[in-house]
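What follows is a set of notes on a single structure, which appears directly below.
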Amino acid sequence: PSTNSWEVKSNRPGTSQSTWLSIAYDVESDRIILAEYYWSGLKRILSYDYNSDTWEEKTTLPALSNQWGAITYDSSNDRCIIIDNDGRTYAYDYNSNTYTTKASTIYYHGDYGSGSFDVESGKSIFISWSPAGDQVRAYDYDTNTWETKTQRPGNYQSMWSYSAYDVESDRTILVEYYWGGVQRVLSYHYNTDTWVQEKIFDGLSNIWGAIAYDGYIPIPPSIPQNLAATAGDQQVTLTWTANTETNLASYKVYGGTSSS
């Protein structure tokens, strides 16, 4: 049940901690994954376990050209998608503590950009502030491709913005902060590539903040194990070990003439 209360938790480790960071929640491992950016580029990946209130320094990424970027958790593929200011893209796997270099996108201008994973479409949505456009981009891990989407509305758009994916409404929710405080809350729908300005807040005391979605995040079922094919008279019989998830509705079997 909700208690409407706050807790102060353990600080992340290290004597030098960057002020430029981005976090995502890894559903499969039940860990917060934090990417730290420095003047010389992205350095550390850390994980945080709320239940034990402990941090773990995982790995480092190559020094890049700028200190800004964003991270999302792709729950369909159990990977954290990380982008830096110059558009370099990485996929990080907590379980193996390894990363792979993925397709780059154009200059991100992620001064205080943010990212969230659209569960319904299977896309990582990244939003930045860029006077030249290209503020909104969608990354597909399965095809390793980027799309440029419609910019958020308005003549003036804050460079300080934070986003979260609302599972129930299938919308990315964006909060914009200005010098006078938080101003706008907007929603973005990937399927229609449209924005809606939802609410104007009273001016608050600072330009920085954060947003999180408090709700159910669906976890994809695991890959069926022990798949075997038995040839028969003009037919093939497939068998596998049944999944244990209680919310699994069905299996889909695809056929074709190619071995791939």
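All values derive from a computational prediction rather than experimental measurement.
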Task: K123 charged N/C atom sitting above Y139 aromatic ring, 6.0 Å / 45° - done: no
Task: Any side-chain heavy-atom pair of R184 and Q197 under 4.5 Å - done: yes
Task: Check: D84 side chain, G69 main-chain N or O, donor-acceptor pair, under 3.5 Å - done: no
Open item on the list: In the structure I gave you, are the side-chain heavy atoms of T241 and L227 within less than 4.5 Å of one another anywhere?
Closed with: no
Task: Residue pair A229 / V236: nearest heavy atoms and the distance that separates them - done: CB-CG1, 3.8 Å
Task: Salt bridge flag under 4.0 Å for residues R31 and E56 - done: no
Open item on the list: Could you tell me if K102 sits above the aromatic ring of Y90, with its cationic atom closer than 6.0 Å to the ring centre and no more than 45 degrees from the axis?
Closed with: no
Open item on the list: If the threshold is 4.0 Å, N to carboxylate O, is there a salt bridge linking E147 and R137?
Closed with: no
Open item on the list: Side chains of L186 and P153, heavy atoms from C-beta outward: is any pair under 4.5 Å?
Closed with: yes
Task: Any D30 side-chain heavy atom under 4.5 Å of Y94 side chain - done: no
- [ ] Identify the two heavy atoms, one from Y73 and one from A24, that lie closest to each other, and give their separation to 0.1 Å.
- [x] N-CB, 3.8 Å
- [ ] Write down the atom of Y141, the atom of I81, and the distance for their closest heavy-atom approach.
- [x] CD1-CD1, 3.8 Å
- [ ] Mind checking the OG-CD1 spacing from S124 to I82? Nearest 0.5 Å is all I need.
- [x] 11.0 Å
TODO: Taking the side chain as every heavy atom from C-beta outward, state whether Y99 and D93 have any pair of such atoms under 4.5 Å apart.
DONE: no
Open item on the list: Could you check whether any side-chain N or O of S187 sits under 3.5 Å from a backbone N or O of R171, counting only pairs where one atom can act as donor and the other as acceptor?
Closed with: no
Open item on the list: Is it true that, when you exclude K9 itself, more than 12 heavy atoms of the residues, nucleotides or ligands shown sit nearer than 6.0 Å to its NZ?
Closed with: yes
TODO: Run the numbers on E36 and R12 for salt bridge (charged side-chain N to carboxylate O under 4.0 Å, His left out), then give the verdict.
DONE: CA-CA 11 Å; E36 285 187 339; R12 55 193 150 127; 2.4 Å; yes
TODO: Count the heavy atoms of every other residue, nucleotide or ligand shown that sit under 6.0 Å from CD1 of I223, and state whether that count exceeds 12.
DONE: no
- [ ] Tell me whether Y251 is reachable from L238 by hopping between hydrophobic residues (I, L, V, M, F, W, Y) whose side-chain heavy atoms are closer than 4.5 Å.
- [x] yes
Task: Basic-acidic side-chain contact under 4.0 Å: R79, D74 - done: no
Task: Heavy-atom pair of closest approach, residues A103 and W146 - done: O-NE1, 2.9 Å
TODO: Check the pair E57, R44 against side-chain contact (heavy atoms from CB on, under 4.5 Å), reporting the backbone distance first and the verdict last.
DONE: CA-CA 7 Å; E57 189 165 338; R44 297 198 301 173; 3.1 Å; yes
Task: Criterion side-chain contact (heavy atoms from CB on, under 4.5 Å) on Y190 and K149, from CA distance to verdict - done: CA-CA 8 Å; Y190 171 84; K149 310 303 289 184; 3.8 Å; yes
TODO: Quick one: list whatever passes side chain to side chain contact (heavy atoms under 4.5 Å, CB included) with I32, sequence neighbours left out.
DONE: I23, Y25, Y48
- [ ] Return the minimal non-hydrogen interatomic distance between Y162 and A210, and the atom names on each side.
- [x] CG-CA, 4.1 Å
Task: N97 side chain vs K58 backbone, donor-acceptor pair below 3.5 Å - done: yes
Task: Atom pair CG (L21) and CD1 (I71), whose distance is rounded to the nearest 0.5 Å - done: 10.5 Å
Open item on the list: Please determine whether the number of non-hydrogen atoms from other residues, nucleotides or ligands lying under 6.0 Å from atom OH of Y50 exceeds 12.
Closed with: no
- [ ] Any chance you could measure L174, atom CG, to S161, atom OG, to the nearest 0.5 Å?
- [x] 4.5 Å
Open item on the list: I'd like to know if the side chain of W55 reaches the main chain of S47, judged simply by a donor and an acceptor atom lying under 3.5 Å from each other, with no hydrogens or angles considered.
Closed with: no
Task: Separation between CZ of F126 and OG1 of T89, rounded to the nearest 0.5 Å - done: 7.0 Å
Task: Any side-chain heavy-atom pair of V119 and S75 under 4.5 Å - done: yes
Open item on the list: Please report the interatomic distance OH(Y188) to CD1(I173), rounded to the nearest 0.5 Å.
Closed with: 13.0 Å
Open item on the list: Which residues pass the side chain to side chain contact (heavy atoms under 4.5 Å, CB included) test with D170, not counting sequence neighbours?
Closed with: D118, E120, Y165, H189, N191
Task: From CA spacing to verdict: side-chain contact (heavy atoms from CB on, under 4.5 Å), T98, T59 - done: CA-CA 8 Å; T98 59; T59 189; over 6 Å; no
Open item on the list: Tell me whether the count of non-hydrogen atoms from other residues, nucleotides or ligands lying under 6.0 Å of CD in E168 goes above 12.
Closed with: no
Open item on the list: Between R152 and E176 (salt bridge meaning N to carboxylate O under 4.0 Å), is one present in this structure?
Closed with: yes
- [ ] Identify whether V253 and L248 are in the same connected component of the hydrophobic contact network (ILVMFWY, side-chain heavy atoms under 4.5 Å).
- [x] yes
Task: Pairwise side-chain contact, D166 with T172, heavy-atom cut-off 4.5 Å (strictly under) - done: no
Task: Reported CG-to-OG distance for the pair D140 and S121, which is rounded to 0.5 angstrom - done: 8.5 Å
TODO: Test I33 against I45 for side-chain contact (heavy atoms from CB on, under 4.5 Å), laying out the working first.
DONE: CA-CA 7 Å; I33 306 299; I45 302 293; 3.9 Å; yes
TODO: Mind listing the closest non-hydrogen atom pair of D49 and N51 along with its distance?
DONE: OD1-N, 3.1 Å
